2 protein chains.
Amino acid sequence: MRVGSTPFLALKASAPLKRPKSPTTPTQRAQRCAKQGWASPRAPTHRGIPGGTRDHSPAHVVLRDRLLAAVVACFKRHGAAAIDTPVLELREMLIGRYGEGAKLIYELQDQGGELLALRYDLTVPFARYLAMNKITNMKRYHVAKVYRRDNPATTRGRYREFYQCDFDIAGQFDPMIPDAECLKIVHEILSDLQLGDFLIRVSHRQILNGVFAVCGIPESKFITTCSTVDKLDKMPWEEVRSEMVGEKGLSPEAADRIGEYVQLHGGLDLIERLLQDPKLSQNKLAKEGLGDMKLLFEYLTLFGITEKVSFDLSLARGLDYYTGVIYEAVLLQQENDHVDEPVSVGSVAGGGRYDGLVGMFDPKGRKVPCVGVSIGIERIFSILEQRVAVSGEKVRTTETQVLVATPHKHLITARLKLISELWDAGIKAEMMYKKDPKLLKQLQYCEDTGIPLAAIVGEQELTDGVVKLRDVATREEVDIPREKLVDEIRRRLEP
Amino acid sequence: MRVGSTPFLALKASAPLKRPKSPTTPTQRAQRCAKQGWASPRAPTHRGIPGGTRDHSPAHVVLRDRLLAAVVACFKRHGAAAIDTPVLELREMLIGRYGEGAKLIYELQDQGGELLALRYDLTVPFARYLAMNKITNMKRYHVAKVYRRDNPATTRGRYREFYQCDFDIAGQFDPMIPDAECLKIVHEILSDLQLGDFLIRVSHRQILNGVFAVCGIPESKFITTCSTVDKLDKMPWEEVRSEMVGEKGLSPEAADRIGEYVQLHGGLDLIERLLQDPKLSQNKLAKEGLGDMKLLFEYLTLFGITEKVSFDLSLARGLDYYTGVIYEAVLLQQENDHVDEPVSVGSVAGGGRYDGLVGMFDPKGRKVPCVGVSIGIERIFSILEQRVAVSGEKVRTTETQVLVATPHKHLITARLKLISELWDAGIKAEMMYKKDPKLLKQLQYCEDTGIPLAAIVGEQELTDGVVKLRDVATREEVDIPREKLVDEIRRRLEP
């Protein structure tokens with residue numbers, strides 16, 4: 001286990017996971033959505049908050065912060081600095097960056113002034129940030145909320161407001177060194193979080209484009225064909241093929257030729273084989289892409305992580321801006337699955353190389369090559385949440401060390417004076433907001449909220465210049481001279 | 001100094017501050033706005049991001065996180081739990097909560113579905129959260145961004161997207177105990193941050209309403225008169241009076257009678273005097289309010305903070321939802337001010353009691369009394385930022401402990417293997433993304449970014465099974481057996 005792994009993540013064997021089933025027709029899919037209680041994007045929720053969003057209770061926030069801390073610890077281990085950008089972006093900055101995702105962008109009403117939208121991801125704002133500030137070299141992470149008018153599937157951790165945790169390396173460097181580090185990061189995070197078995201699928205946009213070219217697809221149809229290929233992890237090949245021929249207008253022969261390639265997956269052996277492929281090896285794009293992949297796998301071998309990495313030609317990733325290596329991590333279902341309602345999760349991390357995006361924001365088109373990865377924290381969170389629920393762990397939501405209490409009436413003054421001394425000494429202290437609370441209620445409050453110590457002052461203690469310090473767990477009580485109280489509390493709370 | 005105060009806040013004597021001057025006519029004010037380079041809300045910025053928002057560079061984020069950590073430490077010291085709510089709220093939830101602030105709410109375009117808006121503060125979402133979840137008792141903090149279509153004044157720390165840091169206590173408790181704690185928190189935070197002298201102005205909505213009543217103002221004009229009184233900190237009385245008579249339709253005599261009260265400020269003595277006031281003492285609202293104030297000041301005396309607290313009848317606070325005690329903290333200008341461009345700051349914290357707000361969100365109107373405070377982190381941040389700039393402190397933006405380096409060519413494999421070992425051991429490590437970087441460049445990178453150690457592997461070290469560990473500051477180099485490297489790095493970096 002890595003140094004710094006958080007204890008809550010180590011509870012029991014990981015919760016079993018089910019891959020989402022793949023219903024075969026759109027109608028079946030729609031029926032399944034309805035059955036799973038997905039909110040329609042048009043139906044108001046009547047819950048008081050927008051559909052597809054949620055409030056986070058204190059217990060949620062504690063767990064989420066532990067999870068984010070584990071992810072950020074990994075980003076810092078790799079030397080990244082943090083930036084932050086506004087949730088609001090100029091609408092023109094987001095247009096044309098997201099392919100079919102564009103229709104999911106939240107736009108603000110024109111209330112006079114600039115036309116605004118909510119950010120859709122953290123990658124486009126990062127590229128804009130680099131271009132605006134003329135930065136040509138940066139390793140940064142960014143943990144923040146993004147917004148998509150998507151069909152929410154909250155049981156699977158898909159929301160309209162959700163966190164992304166992005167790590168990106170910008171700069172002109174030698175090939176595949178930063179790309180390999182991004183995959184190492186995915187491997188570290190998914191291992192640290194002990195989410196069970198996982199697989200990182202890797203491919204390369206140039207290889208895919210090379211495949212399209214040798215299969216006789218016109219270049220104008222590369223992007224749209226790409227987004228159809230990307231559905232291969234959710235639909236069978238027959239369906240993907242019929243979308244290619246029906247919706248995208250490819251010839252059945254071309255689709256079949258594509259099918260021969262995109263159903264392949266493997267490791268270095270597959271790369272070597274494709275480098276010998278009579279058609280692909282003649283294509284400049286494919287050859288370059290395969291060269292990159294070969295070098296990447298050599299580096300991944302040095303990192304010792306190839307066991308969890310699969311070169312998978314069906315991986316395409318929908319976003320327009322990728323130009324090189326692309327990847328996506330999925331959790332694998334456990335074999336012995338006996339839990340009634342397993343959490344189904346799909347992709348939990350994804351990313352790739354986007355060498356052209358920064359240039360689009362630069363007035364002179366200056367390019368800054370980039371590669372990065374985004375961790376799908378919401379999906380991981382729903383697994384961890386379920387795991388904590390199953391374990392019965394009671395999550396403490398406050399850090400209070402001492403309750404200042406009184407054993408009888410007319411002592412509000414004594415409590416206020418004592419608690420003020422503790423706060424001023426940096427001790428985390430609470431008191432009940434009643435003038436004359438019962439001692440039993442005060443001690444009960446300690447037990448309910450996990451406060452380890454009670455500092456009790458009554459008339460006798462005031463006269464004697466002491467405070468009765470009670471260990472809530474053992475119920476032991478000791479009189480401590482008032483001037484030594486702070487030191488004694490600190491001593492008792494030392495780890 | 002409180003335990004946990006952060007070192008960066010202790011730099012030199014605090015930066016001098018100037019209160020914003022008060023030009024006397026709207027035209028003068030507009031000219032001054034233009035001179036100070038405030039963006040017009042309609043003019044596009046051509047900077048690539050929305051006017052009134054900003055990107056945060058790594059150095060910004062590091063400073064901001066230190067500041068937020070100091071504020072959150074105080075909230076936790078007082079036993080608060082964290083919640084989080086969506087940035088998006090249903091528009092209907094925000095309507096009618098903010099008085100004149102309503103026109104500053106950002107609305108989302110109707111793209112089909114619910115009508116949405118961006119949150120304007122964290123108080124209304126908290127009240128909605130309590131009502132929706134039927135919570136009658138909670139102490140929570142919330143640190144998050146809020147959105148206002150305000151006229152930005154970025155030099156003074158006023159933005160359209162900005163952080164709020166809120167602490168609130170909800171529940172039916174004995175009078176003034178939670179209210180006093182909120183003021184204690186403001187006092188602790190402003191003292192911890194060492195921002196120079198400050199004053200917490202306190203008043204009570206019922207006293208103000210009592211004053212209006214005994215001055216003959218009809219109840220229907222209480223709220224609107226309140227928002228005019230609130231301007232007394234920015235305009236002279238004459239101007240406030242003429243707004244009352246001209247815009248708000250009060251009689252000149254009534255305005256004059258109000259003027260006699262709202263220009264008063266003091267401490268317990270003033271409260272006692274007003275309790276004897278022949279007119280006010282006959283008014284039920286005022287009498288109750290003054291009783292609350294008396295108790296509040298008794299508690300503040302126990303906390304030892306009355307020196308920084310002023311009962312100020314001109315304080316009104318614009319928001320509609322306050323029902324009891326209200327307060328606002330301002331930083332006071334230093335006397336000996338010799339810096340060329342001092343940061344002008346106004347209010348740096350504010351809050352009060354709002355006993356009716358939660359009931360507005362409950363279908364049965366069940367009330368949950370609340371009191372809270374919001375820390376104006378952006379204004380404080382602009383002071384700290386200027387202070388760090390003046391001090392010349394170089395803020396480190398990464399935490400990297402070791403650079404993995406090589407002294408000559410053809411060693412990328414050795415570097416990748418070694419850095420992978422360090423990452424897996426939890427060491428924060430970087431390497432340069434070149435296949436064959438010069439040693440001098442690698443060591444220069446350590447100095448530029450503050451990396452304390454370099455782990456150097458060349459052919460000789462590989463043969464000997466060692467790594468050359470270099471202390472970047474002293475330039476001392478020692479060969480360490482490979483298997484002892486991790487322990488040696490940990491030992492060297494111990495605090």
Side-chain angles (χ1 to χ4, degrees), chain A residues 2-4 41-42 44 48-51 53 55-58 61 76-77 79 81-88 90 93 106-109 111-114 116 128-129 132 145 149 161 173-174 177-178 188 299 302-304 397-400 413 416-417 420 423-426 428 430 433-435, chain B residues 2-4 41-42 44 48-51 53 55-58 61 76-77 79 81-88 90 93 106-109 111-114 116 128-129 132 145 149 161 173-174 177-178 188 299 302-304 397-400 413 416-417 420 423-426 428 430 433-435:
Chain A
R2 186 179 314 279
V3 174
R42 286 193 163 263
I49 56 168
T53 71
D55 291 321
H56 295 268
S57 69
V61 173
K76 287 186 174 175
R77 194 158 60 231
I83 69 161
D84 191 21
T85 64
V87 166
L88 300 169
L90 296 178
M93 294 292 164
Y106 274 105
E107 298 187 351
L108 269 83
Q109 184 140 318
Q111 293 172 284
E114 303 149 327
L116 305 176
R128 175 195 57 67
Y129 176 85
M132 263 179 65
K145 288 173 177 177
R149 295 178 54 255
E161 174 186 70
F173 302 117
D174 279 322
I177 309 179
E188 282 180 26
Y299 291 164
L302 292 169
F303 288 160
T397 58
T398 59
E399 299 177 7
T400 309
T413 302
L416 287 171
K417 267 192 89 116
S420 183
W423 286 330
D424 290 342
K428 293 170 190 159
E430 281 186 78
Y433 297 123
K434 294 226 153 251
K435 266 180 88 165
Chain B
R2 185 180 315 280
V3 174
R42 285 193 164 266
I49 57 168
T53 71
D55 290 321
H56 295 269
S57 69
V61 173
K76 287 187 175 176
R77 195 158 59 232
I83 69 160
D84 191 21
T85 64
V87 165
L88 299 170
L90 296 177
M93 293 293 165
Y106 274 104
E107 299 186 350
L108 270 84
Q109 183 142 319
Q111 294 171 283
E114 305 150 326
L116 305 176
R128 176 195 55 68
Y129 176 84
M132 262 179 66
K145 288 174 175 176
R149 293 179 53 256
E161 172 185 72
F173 302 118
D174 279 325
I177 309 178
E188 281 179 25
Y299 291 164
L302 293 168
F303 288 159
T397 57
T398 58
E399 299 177 8
T400 309
T413 302
L416 288 172
K417 266 191 89 115
S420 182
W423 285 331
D424 290 342
K428 293 169 190 160
E430 281 185 78
Y433 296 124
K434 294 226 156 254
K435 266 180 88 166

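Just so it is clear: chains get the letters A, B, ... in the order the sequence lines come, proteins before strands, and each one is counted from 1. All figures in this text were calculated on a predicted structure; none of them were measured in a lab.
Among the candidates A:Val61, A:Asp84, A:Thr397, A:Leu116, the residue making the largest number of heavy-atom pairs closer than 4.5 Å to chain B is A:Asp84. Heavy-atom pairs under 4.5 Å with chain B peak, among A:Thr400, A:Thr398, A:Leu108, A:Val87, at A:Leu108. By number of non-hydrogen pairs under 4.5 angstrom with chain B, the leading residue of A:Asp55, A:Leu302, A:Ile177, A:Thr85 is A:Asp55. Your options are B:Lys145, B:Lys434, B:His56, B:Glu399, and the one with the most heavy-atom pairs under 4.5 Å with chain A is B:His56.
Of all non-hydrogen atoms in B:Gln111 and A:Arg149, the two that sit nearest each other are O-NH2, 2.9 Å. Nearest heavy-atom pair, A:Glu188 versus B:Trp423, reported as atom, atom and distance to 0.1 Å: OE2-CB, 3.3 Å. When all heavy atoms of B:Tyr129 and A:Ser57 are compared, the pair lying nearest together is OH-CA, 3.2 Å. Shortest non-hydrogen contact noted between A:Lys435 and B:Tyr299 is CG-OH, 4.4 Å. For the pair A:Leu88 and B:Glu161, the tightest heavy-atom approach, listed with the atom from each and the gap, is N-OE2, 4.3 Å.
Take A:Glu107 and apply the salt bridge (charged side-chain N to carboxylate O under 4.0 Å, His left out) test, not counting sequence neighbours, and it matches A:Arg91.
For A:Leu416, the parts lying near chain B are the backbone and the side chain together; criterion is any non-hydrogen pair under 4.5 Å.
Residue B:Gln109 holds its CD atom at 6.5 Å from CD of A:Gln109, rounded to the nearest 0.5 Å.
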